[in-house]
Every structure is written in structure tokens, then in C-alpha cells.
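Just below is one structure, and these are the notes that go with it.
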Amino acid sequence: MRRWQVLAGVGMVWLAATASAQAPYVAIEQRVDPQQLAGVGLTPAQLQTLNRLLREADARAPAPAPVVAAAAPAPLPGAPTPAPMFPGLDDGPIHASVTGQVDGWQPGTVFTLDNGQQWQVLKGEMKLKASRSNPPIVVVPGIAGRWFLQVDEDLPKARVFRIR
């Protein structure tokens, strides 16, 4: 079994060597651990023949084509845009001000923004030390369409969803 493992390793080394056209051939004795090589049981003549065959195979192998990064194709006019990989993360934060007083929030609290949007708290609870009048807020997107309302960057965010 060990002999097959070593031969498989030699084959993988050979494949790697043929994949790199610029690199000169390196003898098997320099590629494989001496103990593994001894475990295969090749005679010096067999080892020499194997090195010769691999060297000749390297010389015959065509040079690999250079890897060129392809630019993303430009979308055709009127073509539908693909759905985002993670809904919500492609959306930017919403900067606005809450209309009215904010003392805190709990599930069910509705925030009406000066841009006409209304957001309802789904998760999170907070009681502010001091009531704030028309505070500026940021509604930030999360993964999978989740949104979070932030009254102050030092306070925890409330998980919200848009109702209007």
C-alpha cells in the first residue's frame, strides 16, 4: 500500500512539474523524502530510467496558456439585473431624522422618519437616559434583508422592518 502512495505522490509531483513550464526538471530524489523513496524499492537503474522518462515527458508537454483575467461582461441595455447575492447588503444606509420625541424603544415601537418612511421595532429594547427631540438616525442594512435602526453609535441598535 505504501508503494502506491509514494507512486501517487511521484505522479502528483510530475503533474505539478508539467504544469509549470518555466521550471526546469527536478529529479525525483530531490522531490520525494528519501525514506519514502527507499520504501518504493526502485533500483538505481530504475530510478534513472524514471527520471529520464519524466524529463522527456516535460520536454514534450505543451506550455500552458497564460492565465488572463476576463473582465465582467457589460450588461446589455434593458437586460434585467441579477438578484444580489446577499439581499440587503447591497443597499446603503438610510440617513434621516425621527419626527417627534424618542425616549427609547421596544418591540412594536414605530419610528416615523422625516423622509416619510416608517420603521417598526422587531427586536431590541432600550430606555434612553434623556428624551431626544427629532434625533438624526441611521437605518443600516444587515444580511438577508435585515435592517437595524441606530439612534446613537454608542447605543445598541434595534432590529427593525419597514412598514411604509
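As a basis for the values below, the full set of heavy atoms in this structure was taken, side chains included, without hydrogen atoms, waters or symmetry mates. Along the sequence shown, the residues carry numbers beginning at 1.
The heavy-atom pair separating P135 from G100 by the smallest distance is CD-O, 4.0 Å. The two residues G124 and P107 make their nearest non-hydrogen contact at O-CD, 3.4 Å. Between A158 and W105 the shortest heavy-atom distance is CB-NE1, 3.2 Å. Between Q120 and G108, the shortest heavy-atom contact is NE2-CA, 3.4 Å.
Residues L155 and F111 are members of one and the same hydrophobic cluster, defined by side-chain heavy-atom contacts under 4.5 angstrom among Ile, Leu, Val, Met, Phe, Trp and Tyr.
Think of F148 as one node in a network of Ile, Leu, Val, Met, Phe, Trp and Tyr side chains linked at under 4.5 Å; its network also takes in V138, V140. In the hydrophobic clustering, L122 connects to V110, F161, I163, either directly or through intervening members, whenever side-chain heavy atoms lie under 4.5 Å apart.
For residues 106-126, no pair satisfies salt bridge (charged side-chain N to carboxylate O under 4.0 Å, His left out), with sequence neighbours left out. Identified under the salt bridge (charged side-chain N to carboxylate O under 4.0 Å, His left out) test for residues 40-52, with sequence neighbours left out: R52-E56.
For the pair V98 and N134, the minimum side-chain heavy-atom distance is 4.5 Å or more. Counting heavy atoms from C-beta outward, D152 and R132 have side chains that approach closer than 4.5 Å. Between L149 and V121 there is no side-chain heavy-atom pair separated by less than 4.5 Å. Using a 4.5 Å heavy-atom threshold, the side chains of Q106 and T109 count as touching.
Annotation: side-chain hydrogen bond (donor to acceptor under 3.5 Å, both in side chains) contacts of Q30 (sequence neighbours excluded): none. In this view, R164 satisfies the side-chain hydrogen bond (donor to acceptor under 3.5 Å, both in side chains) rule with no residue, not counting sequence neighbours. Remark: Q117 engages W119 in a side-chain hydrogen bond (donor to acceptor under 3.5 Å, both in side chains) (not counting sequence neighbours). A search for side-chain hydrogen bond (donor to acceptor under 3.5 Å, both in side chains) contacts involving T99 returns nothing, not counting sequence neighbours. Residues forming a side-chain contact (heavy atoms from CB on, under 4.5 Å) with S131 (at least two apart in sequence, or on another chain): Q101, D103.
Rounding to the nearest 0.5 Å places CD of E29 at 9.0 Å from CG of L50. Atom CD of Q48 is separated from atom CG of L53 by 11.0 Å, given to the nearest 0.5 angstrom. Interatomic distance, OG of S97 versus CD1 of I137, reported as 7.5 Å (0.5 Å rounding).
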(Q) Between W147 and I94, is the side chain to side chain contact (heavy atoms under 4.5 Å, CB included) condition met? List the steps. (A) CA-CA 10 Å; W147 289 87; I94 300 169; 4.1 Å; yes
